[in-house]
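These notes are about the structure you will find just below.
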Amino acid sequence: MSHRTVQNLEAQLILVNAYHLYLRPGLDIINELGGVHSFISWSGPILSDSGGFQIYSLSPLTKVKKEGVSFASHLDGTKIFLTPEDVIDIQRVLGTDIMMILDYFCPYPSSKKEARQAAKITTEWAQRSKSHLQTKGLSQLVWGICQGGVYWDLRKQSIEELMAIDFDGYALGGLGIGEPKTQFMEMVERSSSILPEEKPRYLMGIGYIHDIIQAVELGIDFFDCVLPTRNARNGTLFTSTGKIVIKNKKYETDTRPIDEDCNCYTCQNFSRAYLRHLYERQEISSSILNTIHNLHFYLDIFRKIRHSIQSNSLHQLKYSIMNKKEEGEPV
Ligand SMILES: [Zn+2]
């Protein structure tokens, strides 16, 4: 996607990942080119994720110690050791507007002992990150990430300890990773009830529309997910009446747009039949046109969510979204 396309879709903020940028192209290059805004020519707000999740999910040989985390690059196996202070310094070089502290990601399922240890180290690292920042002076916003798995007492403690350290925003990490939906929603609801109202709350990695609308009702402000873009590349398109898998033969001569209610560039100009053809031929334009539609669909839902909050009709919007037919579970 070109930045112009992303801007035309009215995206307000984009996300980069410190882990990936640290590995490639590397900090020396980004530093020489004046930070991420300058390097990628995006003047709008950028959030950088610390890469905690990626270190644990992508890297082999990950080992967490009190001092920091050691891992092997998933690209070439190079051994790397990063402290929470290093991760702050990496994001200082990136120069993003919002940076996330390094957390100790706790997978699902984890025993209570493991979850307690992960939350404890996350708090220690959060404290060290904050102390490190205070020695540097900083114009970037810094958000904490709460852990604790699906154990409410641990998660509550994690949130309270992070609030005591005092961050500009708070993220809920380690949710939406396979735990039952009831536990997921319980953690979101209870966490949201004790987080400060005046600071943003960020539910990391959540992208299903049904989860998003419920989480918004519980008080969540921020989301990030690869779902709209990854699915677009895989030919799965979101519509107001459910999902479309564009490679299906039934779309071979379908002259309708992806979604007749959508006013994105793709839907205003191209038929399902043409998009299927592009997908089948593996044309780059297939990924581009599909991504334009899926991003527009998501950003439009968020516009509707913001509008419904302002007009005090979020509940009705949620009802209409939750009752829309979904062609199977989201992928
Ligand atoms: Zn569209």
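First listed ligand is number 1; within each ligand, the first listed atom is number 1. Note that the coordinates shown come from a computational prediction; the quantities given were computed from them, not determined experimentally.
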Aromatic ring proximity Y202/F223, centre distance under 6.0 Å = no

Provide the tally of protein N/O/S atoms nearer than 2.8 Å to the Zn ion (ligand 1).
-> 4

May I ask you to say whether K199 pairs ionically with D221, meaning some side-chain N is under 4.0 Å from a carboxylate O?
-> no

Pair K181-D211, salt bridge (Lys or Arg N to Asp or Glu O under 4.0 Å): steps then yes or no | CA-CA 9 Å; K181 198 68 87 181; D211 291 343; 3.0 Å; yes

Does the pair R92/D89 count as a salt bridge with the N-to-O cut at 4.0 Å?
-> yes

Would you please indicate if the ring centroids of H3 and W42 are separated by under 6.0 Å?
-> yes

Y56 pairs by ring-ring contact (aromatic ring centres under 6.0 Å, His included) with which of F71, Y104, Y19?
-> Y104

